[in-house]
Amino acid sequence: MKHKDGSTDKYKDKHKEKRKEEKMKSLDGKVKKEKENGFASPPYVKSEPEEDFYHSPKHEKSLKRERDDDYDSEFKPKKIKTENDKKAKKRKQDNEDIKSKKTKNKKGEVADGKKKAKKEPEEKWKWWEEERYTDGVKWRFLEHKGPVFAPPYEPLPSNVKFYYDGKHMKLSPEAEEVATFFAKMLDHEYTTKDIFRKNFFKDWRKEMTSEEKGKITDLKKCNFTEMSEYFKAQSEARKAMTKEDKLKIKEENERILQEYGFCIMDNHRERIANFRIEPPGLFRGRGDHPKMGMLKRRIRPQDIIVNCSKDSKYPEPPPGTKWKEVRHDNKVTWLVSWTENIQGSIKYIMLNPSSRIKGEKDWQKYETARRLKKCVDRIRAQYREDWKSKEMRIRQRAVALYFIDKLALRAGNEKEEGETADTVGCCSLRVEHIKLYPENDGQEYVVEFDFLGKDSIRYYNKVPVEKRVFKNLQLFMENKEPDDDLFDRLNTSILNKHLQELMDGLTAKVFRTYNASITLQQQLKELTNSEENIPAKILSYNRANRAVAILCNHQRAPPKTFEKSMQNLQTKIDAKRDQLSDAKRELKSAKADAKVRKDEKSKKAVETKKKAVQRIEEQLMKLEVQATDREENKQIALGTSKLNYLDPRISVAWCKKWGIPVEKIYNKTQREKFAWAIDMADEDFEF
DNA sequence: ACTGCGACTTAGGAGTGGGCGT
DNA sequence: ACGCCCACTCCTAAGTCGCAGT
């Protein structure tokens with residue numbers, strides 16, 4: 001069987017060889033990377049605003065985009081129509097008006113002549129009621145102020161000393177800065193790890209003067225404690241600042257947010273997600289990362305590519321600097337990008353999840369998952385059929401897909417060995433990651449999974465599977481070493497190509513979305529009890545959410561203060577119980593009293609006491625629910641699924657159905673992200 | 001076919017500030 | 001009024017997936 005289609009080489013042999021090779025050679029291949037990430041500054045693209053028409057989109061006042069217009073007819077001809085400069089300027093003026101008006105409104109400090117709309121942050125734009133772009137165009141107009149750079153390095157005061165081998169040593173500013181990065185992490189366990197220290201020291205030495213390099217040859221002889229103490233003191237001082245000073249900082253942050261935190265995209269002022277450039281520091285990979293401790297270098301204007309409309313006001317680089325490039329690519333959504341020096345990957349500044357451009361995509365994601373719902377039975381039948389295929393590659397594909405569907409595993413792209421932590425997903429599972437038990441705890445055909453997934457989070461699960469799957473797995477594992485690929489004839493590209501044929505837009509990750517959302521919907525139906533009060537219903541919601549988080553393996557480290565906070569809560573519950581029995585006793589005696597006296601006053605007293613008892617009972621119940629919820633949530637993170645996998649319309653519909661305020665389920669940020677769902681879903685929405 | 005890159009989503013942890021109980 | 005704690009925000013790493021180039 002294995003040789004039936006043996007005409008083609010095994011896909012993964014090459015990678016595997018690589019892995020083994022690199023395992024021995026340890027960290028190599030850096031030379032190439034460094035070249036790519038070098039500081040060579042490419043030609044500066046001259047900005048030429050004065051020759052350009054300010055081609056602001058029209059109809060600013062209506063705050064409505066016109067997307068139904070044909071791109072060509074709206075855009076290009078305008079340009080050709082040779083608007084005169086004045087007109088162009090006028091448009092631009094309008095554009096600025098929008099910006100400043102909105103800014104003021106937000107702050108609620110408008111003081112102009114005409115009656116202001118005040119308070120209400122002027123009608124929220126319902127982008128979901130408008131037509132979408134279809135042709136890969138992401139926007140027509142984009143203007144922003146560029147990124148906010150990390151503050152420059154401030155040298156330490158001279159009384160904060162660094163010691164090498166017990167002797168004070170004044171470091172050059174460059175070396176000192178990198179030393180402070182290490183000092184700041186001193187009481188983190190990272191700094192005890194060999195790889196971290198090795199990487200750090202190597203990169204640190206690159207920043208040293210040749211004199212320093214000559215002296216400082218052993219990290220163990222470095223004493224950073226004064227630096228470390230200094231930073232601790234600084235953070236204490238920050239905490240102890242006066243209210244006024246804190247307010248000042250807050251105001252300054254707000255100012256920066258207003259200036260840099262928004263862009264104009266197609267007539268609308270939209271929030272930018274990460275407008276601050278990542279500051280330099282030591283790289284902290286997750287899990288067993290071979291590059292931990294490396295120096296993440298400072299990003300400068302000449303590293304930055306700016307993306308905006310030709311007809312916008314370009315962001316200014318800081319005085320005396322230039323951007324690497326200014327481009328006008330409206331087929332992408334990012335405003336700013338740069339190449340990071342650790343992995344050589346590109347980083348982006350993009351919009352907030354509340355923005356149209358992110359929201360549309362999110363919505364579309366759930367629509368794809370709903371389409372999967374319609375054909376998932378067919379697909380399941382097909383992959384079950386494929387377990388019997390004559391071709392190995394098809395069987396592997398079918399078993400992998402079964403795991404992805406049943407266990408919500410990630411696709412599992414190949415990764416470059418030695419560049420990142422050793423983690424896997426479905427297609428990259430290795431023989432060592434599963435164990436087969438023909439029988440286990442009274443169940444037949446049990447597969448035990450144990451591997452590190454994304455972010456080096458452990459996936460551990462024992463699942464009974466169909467006999468056919470089990471037999472296939474045995475076959476796949478025959479004559480293989482533990483570190484051989486389980487699915488040697490499969491990779492994500494093959495799998496996704498297959499999925500694409502089964503349904504338009506179908507990829508491996510759609511199964512995660514689909515299974516997460518459908519599970520929430522089912523669980524909500526099952527767990528919600530119409531008799532119960534709101535806190536109990538919310539507990540049910542959280543339990544449904546939790547079922548999804550468990551399915552998707554969304555874990556968290558138990559909070560450091562977990563035990564304590566659990567105890568605190570228990571103390572509160574005990575106190576409340578005492579309070580309740582007191583209140584009950586008082587009620588009893590009031591009743592007795594009223595029976596004797598039979599006057600209005602004592603009757604009233606009874607009523608009051610009754611109310612008190614009721615109130616306390618409710619409070620107690622709420623606390624108990626809270627305790628249950630917290631206990632069950634110890635190692636489970638609900639946020640990720642809520643934010644990325646659960647169709648918000650399911651939750652909104654549930655809220656509407658049971659009269660639960662949506663605020664109980666979604667906080668402010670989440671409500672902003674899911675505004676489209678909150679607006680459009682009614683109580684009988686079905687995923 | 002295969003690789004590497006670019007763009008975008010998904011992820012957990014650190015940091016913090018505001019609400020709460022005392 | 002005060003201190004504590006936890007919910008939320010920020011941060012940025014680590015995935016997915018498609019595509020271009022060879």
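So that the names make sense, note that chain A is the first sequence line, chain B the second, and so on, each numbered from 1.
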K.L.:
If we ignore hydrogens and angles and just use 3.5 Å, is the side chain of A:T519 paired with the main-chain N or O of A:L551 as donor and acceptor?
P.N.:
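Not a single qualifying donor-acceptor pair exists.
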K.L.:
Within the side chain of A:S517, is there an N or O that forms a donor-acceptor pair under 3.5 Å with the backbone of A:D647?
P.N.:
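At least one qualifying donor-acceptor pair exists.
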K.L.:
Start at the 5' end of DNA chain B and walk down; is the nucleotide closest to A:K358 or to A:N553 reached first?
P.N.:
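Result of the comparison: A:K358.
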K.L.:
Reading DNA chain C from 5' onward, which residue's closest nucleotide shows up sooner: A:G453 or A:G505?
P.N.:
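By nearest-heavy-atom nucleotide position, the 5'-most residue is A:G453.
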K.L.:
Under 4.0 Å between a side-chain N or O of A:N644 and OP1 or OP2 of B:dT9?
P.N.:
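Negative; the distance criterion is not met.
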K.L.:
With sugar-phosphate meaning primed atoms plus P, OP1 and OP2, does A:R512 contact a base, only sugar-phosphate, or nothing at under 4.0 Å between heavy atoms?
P.N.:
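Here A:R512 touches the backbone only, sparing every base.
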K.L.:
Is the shortest side-chain N/O distance from A:K246 to OP1 or OP2 of B:dT16 below 4.0 Å?
P.N.:
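Answer no for this pair, as no side-chain N or O of A:K246 is under 4.0 Å from OP1 or OP2.
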K.L.:
How would you label the contact of A:G639 with the nucleic acid (heavy atoms, under 4.0 Å): base, sugar-phosphate, or nothing?
P.N.:
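Result for A:G639 = nothing.
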K.L.:
Tell me, please, whether A:F231 has A:K184 positioned over its six-membered ring: NZ or CZ under 6.0 Å from the ring centre and within 45 degrees of its axis?
P.N.:
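Output yes; distance and angle both within limits.
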K.L.:
Counting side-chain heavy atoms from CB outward, which of C:dC17, B:dA7, B:dC8 is closest to A:I346?
P.N.:
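The answer is B:dA7.
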K.L.:
Within the pair A:Y645 and B:dT9, is there a side-chain N or O less than 4.0 Å away from OP1 or OP2?
P.N.:
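For B:dT9, OP1/OP2 do not have a side-chain N/O of A:Y645 under 4.0 Å.
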K.L.:
Would you call the rings of A:F449 and A:Y459 parallel, tilted or perpendicular, where under 30° means parallel and over 60° means perpendicular?
P.N.:
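Perpendicular, since the angle between the ring planes exceeds 60°.
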K.L.:
Nearest whole angstrom, please: distance from the P of B:dG13 to the CG of A:D455.
P.N.:
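Rounded to whole Å, this separation is 8 Å.
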K.L.:
Looking only at side-chain N and O atoms, does A:T333 come under 4.0 Å of OP1 or OP2 in B:dA7?
P.N.:
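No.
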K.L.:
Which sits closer to the 5' end of DNA chain C, A:C426 or A:K668, going by the nucleotide each is nearest to?
P.N.:
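The 5'-side residue here is A:K668.
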K.L.:
Heavy atoms under 4.0 Å, any strand shown: does A:K497 hit a base, just sugar-phosphate, or nothing?
P.N.:
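If one applies the 4.0 Å heavy-atom cut-off, A:K497 turns out to touch nothing in the nucleic acid.
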K.L.:
Are A:K642 and B:dA11 close enough that a side-chain N or O sits under 4.0 Å from OP1 or OP2?
P.N.:
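No, no such contact exists.
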K.L.:
Choosing from B:dA11, C:dA14, B:dT9, which nucleotide comes nearest the side chain of A:K361?
P.N.:
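Nucleotide nearest to A:K361's side chain: B:dT9.
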K.L.:
Check for a donor-acceptor pair, side chain of A:H289 on one end and backbone N or O of A:E419 on the other, with a separation under 3.5 Å.
P.N.:
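The answer is yes, because a donor-acceptor pair under 3.5 Å joins these two groups.
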K.L.:
Base, sugar-phosphate, or nothing: which does A:P353 touch, judged by heavy atoms less than 4.0 Å apart?
P.N.:
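Contact class for A:P353: none.
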K.L.:
Check whether any side-chain N or O of A:K145 sits under 3.5 Å from a backbone N or O of A:Y260 as a donor-acceptor pair, and report yes or no.
P.N.:
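No; judged by distance alone, with no hydrogens or angles, the pair does not exist.
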K.L.:
What's the closest nucleotide to the side chain of A:K509 if the choices are B:dA14, C:dA14, B:dT10?
P.N.:
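Among B:dA14, C:dA14, B:dT10, the one nearest the side chain of A:K509 is B:dT10.
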K.L.:
Output the single nucleotide from B:dA7, B:dG12, C:dG18 whose closest atom is nearest the side chain of A:N496.
P.N.:
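The nucleotide sitting nearest to the side chain is C:dG18.
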K.L.:
Does NZ or CZ of A:R356 lie under 6.0 Å from the centre of the six-membered ring of A:W676, at an angle within 45° of the ring axis?
P.N.:
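Relative to the ring axis of A:W676, which defines the angle, A:R356 lies outside at least one limit.
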K.L.:
Can you tell me how far P of C:dC11 sits from CH2 of A:W338, to the nearest Å?
P.N.:
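After rounding, the gap between these two atoms is 11 Å.
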K.L.:
Consider the side chain of A:T507, meaning its heavy atoms from C-beta on, and name the nucleotide among B:dG12, B:dT9, C:dG18 that approaches it most closely.
P.N.:
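The listed nucleotide nearest to A:T507's side chain is C:dG18.
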K.L.:
With respect to the side chain of A:W334, which nucleotide from C:dA14, C:dC10, B:dA7 is positioned closest?
P.N.:
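The answer is B:dA7, which lies nearest to the side chain.
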K.L.:
OP1, OP2 of C:dC8 versus side-chain N and O of A:R671: anything below 4.0 Å?
P.N.:
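So the side chain of A:R671 is outside the cut-off, no N or O lying under 4.0 Å from OP1 or OP2 of C:dC8.
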K.L.:
Rounded to the nearest angstrom, tell me the gap between atom CG in A:N307 and atom P in B:dC8.
P.N.:
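In whole Å, B:dC8 P lies 10 Å from A:N307 CG.
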K.L.:
OP1 or OP2 of B:dA11 sitting under 4.0 Å from any side-chain N/O of A:R410?
P.N.:
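Answer is yes, contact under 4.0 Å.
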K.L.:
Could you check how far NE2 of A:H554 sits from P of B:dG12, rounded to whole Å?
P.N.:
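Nearest whole value for this atom pair: 5 Å.
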K.L.:
Has A:K239 got a side-chain N or O lying under 4.0 Å from the OP1 or OP2 atom of B:dG17?
P.N.:
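A:K239 to B:dG17 OP1/OP2: no side-chain N or O under 4.0 Å.
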K.L.:
Check this one for me: any side-chain N or O of A:H289 less than 4.0 Å away from OP1 or OP2 of C:dA13?
P.N.:
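A:H289 to C:dA13 OP1/OP2: no side-chain N or O under 4.0 Å.
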K.L.:
For A:V332 and for A:A557, find the nucleotide of DNA chain B with the closest heavy atom, then tell me which residue's nucleotide is more 5'.
P.N.:
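Mapping each residue to its closest nucleotide by heavy atoms, the 5'-most match is A:V332.
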K.L.:
Give a yes/no on whether any side-chain N or O of A:N413 is located under 4.0 angstrom from OP1 or OP2 of C:dG15.
P.N.:
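No, no such contact exists.
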K.L.:
Checking contacts here: which listed nucleotide (C:dT16, B:dT10, B:dG12) is nearest the side-chain heavy atoms of A:T640?
P.N.:
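Out of C:dT16, B:dT10, B:dG12, the nucleotide with an atom closest to A:T640's side chain is B:dG12.
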K.L.:
What pair of heavy atoms forms the shortest contact from A:K291 to A:N199, and how long is it?
P.N.:
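Closest heavy-atom pair between A:K291 and A:N199: C-ND2, 3.4 Å.
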K.L.:
Rounded to whole angstroms, how far apart are OH on A:Y459 and C1' on B:dT10?
P.N.:
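Distance check: A:Y459 OH to B:dT10 C1' gives 18 Å.
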K.L.:
So, does A:K347 get its side chain near the phosphate of C:dA13, meaning an N or O under 4.0 Å from OP1 or OP2?
P.N.:
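Looking at the OP1 and OP2 atoms of C:dA13, one of them is under 4.0 Å from a side-chain N or O of A:K347.
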K.L.:
Where the side chain of A:R286 is defined as all heavy atoms beyond and including C-beta, which of C:dA14, B:dT9, C:dG15 is the nearest nucleotide?
P.N.:
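Nearest listed nucleotide: C:dA14.
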K.L.:
Assign A:Y348 to base, sugar-phosphate, or nothing according to its heavy-atom contacts below 4.0 angstrom with the strands shown.
P.N.:
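The residue A:Y348 makes base contact.
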K.L.:
Is A:H188 close enough to B:dG13 that one of its side-chain N or O atoms is under 4.0 Å from OP1 or OP2 there?
P.N.:
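Result: no.
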K.L.:
Kindly point out which of B:dA11, C:dT16, C:dA13 is positioned nearest to the side chain of A:K296?
P.N.:
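Nearest to the side-chain atoms of A:K296, counting from C-beta on, is C:dA13.
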K.L.:
Just how far, in rounded Å, is P of B:dT3 from CD of A:E416?
P.N.:
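That distance rounds to 11 Å.
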K.L.:
Using side-chain contact (heavy atoms from CB on, under 4.5 Å) as the criterion, point out the one residue from A:I305, A:I304, A:D303 that pairs with A:S337.
P.N.:
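Going through the options one by one, the only one that passes is A:I305.
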K.L.:
Check the distance between C:dT9's P and A:R276's CZ and give it to me in whole angstrom.
P.N.:
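Answer to the nearest Å: 16 Å.
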K.L.:
Let me know the distance between OH of A:Y666 and C1' of C:dT9, rounded to the nearest Å.
P.N.:
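Those two atoms, OH and C1', are 18 Å apart.
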K.L.:
Which nucleotide in the list B:dA7, B:dG12, C:dT12 gets nearest to the side chain of A:I457?
P.N.:
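Of the options given, the side chain of A:I457 lies nearest B:dG12.
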K.L.:
Between A:T423 and C:dG15, is there a side-chain N or O to OP1/OP2 distance below 4.0 Å?
P.N.:
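It does, given that an N or O in the side chain of A:T423 lies less than 4.0 Å from OP1 or OP2 of C:dG15.
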K.L.:
Quick one: the side chain of A:K454 and the base of B:dT10, do they pair up donor-acceptor inside 3.5 Å?
P.N.:
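Yes.
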